[in-house]
Amino acid sequence: MKKSIALLTLLLASATALAAQSGSILVKTVAEQEQVTTGADGARKTTLAPASKVLPGKEVVYTVTFENVGHDAANDVVVTNPVPEHTSYVPGSAFGPGTDLLFSADGGRSFASAAALEIHGADGSVRAAGPEDYTHIRFVLKNSLTPGAVAFARYRTIVK
Amino acid sequence: MTSVRKQLKILALAGLALGLTAVALPAAATGTAAGTTITNRAVVSYSVGGVAQTVINSSPTGNSTAGVGLGADTSFVVDRLVNYTLTTVDTTAIVGTPGQAALVTTFLVTNTGNSTESYNAVAANLVGGTVFTTNTDTIDVANIKVFFGPDGTTAYNAGTAVAATSAPDVAQDTGRRIFVIADLPVAATNGAGANVRLTVKAATATSLGATIETATNGADTAGSVDVVIASAVASTAGSVTTSVRTSDSGYAVQAPTLSVAKTEAVVSDPVNGTTNPKAIPGATVEYTLTITNTGAVAANGVSFTDPVSNVLTLLQNTYSGTSNVSITAAGLTRYCVAEAGADGNADGCFFSANTLTVNPTTPIVIPSGANNVATVKYRVTIN
């Protein structure tokens, strides 16, 4: 046990050494809520506004934008988002143009597609994972992100 | 450097612990509590030229500094939803007798919002004609008081009830009984009804029901807990929105309703004896008072006075022993002695100033329903 902590510290130390470096991707997460407004012509318009008046049962839309601010193409771009505590994932809401969707039901230790995700019980039982089990959502960009390019991923949660 | 390393180590361990507990966390039975900060931080991994790069964490405004824990959380605070239900626990009006004090009606307030609240509770008489179930309001109750119970189920108990001026805190998703206590007027008659309305407003926790919850107007204040009044309870006056719910209950008066009939029968006369006696001087006449209770409840301590004409003389020793008044009530017959003048034997029966008073020390009880008729008999002679 002592050894593993020491090892972890060592690993973190090396990560810290690299911490000061500027990465090539600018990552931004915003939390918003849908707001329905009725225009002068009577048409209802749905817009996103920063999360305000957030109450249990309300939907919060998370949008992650990632922009390549470097000089080289970024490959294998993977964006991992937690489903925040006190919220649950809205089934089918994850959406990211040009990405493959993976989910985790074990706190981010393993990921699989929605169809393949399983929950392994302590007693050895196995069952298919449902949206309520998701702890993390992962967007895997299919193509490389070229310098200057911006991509985004979006998903919705409901405040419990 | 050492301190940063240490911090990171703690962070990493905390992260591991969180990862483990997040899976085991049961679904909350109730809404997320107001004031809870919900945080989110995305992690991006990528490679450049085939070399894996250090991960980058997100921030609300955009972060490109690589490294675990170097972004910032995107977070918001869960606001306070004020919502509750108020119901009467009594399915019918509470029955009481005229003059009965401290009659209890019971209500239940249940906090369905997402924060602890106290409640401002006030009760008042409803106007005449208001109907609660089948109880029509015809009178007012007096001395109305409001108390809170210790929980959502315990019946009223003076020892555990708390006055509305010291309203307790009610946690989200729990209920509290509210008791309205009042006195029925002495003059109330059988069938009268008094209905009351309990008005409950949400107030901030620990304010003992005094600081009424008011909706936060305008835009959300980031990072602070705004107050939202659920539409089900919202009450708006001008630009101020507060909460209000009402529930009604009632008291029904059940009183004895007595009617008295007096009949007379000649028992004997000096000429004919007991055969077809006539009401001639010297004849014995028996008076029978029949008291019938057609009310809903028993009449206790029934007494009466009967003036006796001065041409008649109340007979003594007419019934059992020296008694001269026969009382039959609740199926049992007993006797008392109405002596002339003061009530020498203190049995409640006496004859003074040409008036017979029957108010036995063992009170006369006339039940409602079966056996609801009492009879009192006495005999006189015609002078």
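Only a predicted model underlies this, so the values are computations on that prediction, with no experimental measurement involved.
- Residues B:I212 and B:N120 are in side-chain contact: their nearest non-hydrogen atoms beyond the backbone lie under 4.5 Å apart.
- Of the two parts of A:Y62, only the side chain, counted from C-beta on, holds a non-hydrogen atom closer than 4.5 Å to a non-hydrogen atom of chain B.
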**Request:** Give the intermediate values and the outcome of side chain to side chain donor-acceptor pair (under 3.5 Å) for residues A:D76 and B:S47.
**Result:** CA-CA 6 Å; A:D76 313 318; B:S47 65; 2.6 Å; yes

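- By number of non-hydrogen pairs under 4.5 angstrom with chain A, the leading residue of B:I56, B:L81, B:V78 is B:I56.
- Checking A:D133 against A:T135 by side-chain atom types alone, no donor-acceptor pair falls below 3.5 Å.
- Ranked by heavy-atom pairs shorter than 4.5 Å toward chain A, the options B:G71, B:A72, B:S59 are led by B:S59.
- Both the backbone and the side chain of B:S45 come within less than 4.5 Å of a heavy atom in chain A.
- B:T88 is listed as a side-chain neighbour of B:F132, based on a closest heavy-atom distance under 4.5 Å.
- Of the residues considered (A:T29, A:T65, A:V30), A:T29 shows the highest number of contacts with chain B, using heavy-atom pairs under 4.5 Å.
- Ring pair A:F152/A:F66: centre-to-centre distance not below 6.0 Å.
- Of the atoms belonging to B:T39, it is backbone heavy atoms, and not side-chain ones, that fall under 4.5 Å from chain A.
- Looking at A:S24, the atoms closer than 4.5 Å to chain B (heavy atoms on both sides) sit in the backbone and in the side chain alike.
- A donor and an acceptor atom, one from each side chain of B:S75 and B:D73, are nowhere located under 3.5 Å apart.
- In this pair, A:Y155 and A:Y89 present their aromatic rings tilted. The plane angle is within the 30 to 60° band.
- In this structure, the portion of A:V69 lying under 4.5 Å from any heavy atom of chain B is its side chain and not its backbone.
- A:V83 does not touch chain B: none of its heavy atoms, backbone or side chain, sits under 4.5 Å away.
- With contacts defined as side-chain heavy-atom distances shorter than 4.5 Å, the pair B:V51/B:V48 does not qualify.
- Annotation: cation-pi pair B:R176/B:F148 absent, no NZ/CZ under 6.0 Å from the ring centroid and within 45° of its normal.
- Contact annotation for A:V64: only side-chain heavy atoms (C-beta onward) come within less than 4.5 Å of a heavy atom of chain B.
- In this structure, chain A has a heavy atom under 4.5 Å from the side chain of B:V228, while its backbone stays farther away.
- Highest contact tally toward chain B, considering only A:P84, A:A73, A:S88, is held by A:P84 [criterion: heavy-atom pairs under 4.5 Å].
- Of all the listed residues (A:N75, A:L145, A:V60), the one sharing the greatest number of non-hydrogen pairs under 4.5 Å with chain B is A:N75.
- Proximity to chain B (any heavy atom under 4.5 Å) is shown, for A:A74, by both the backbone and the side chain.
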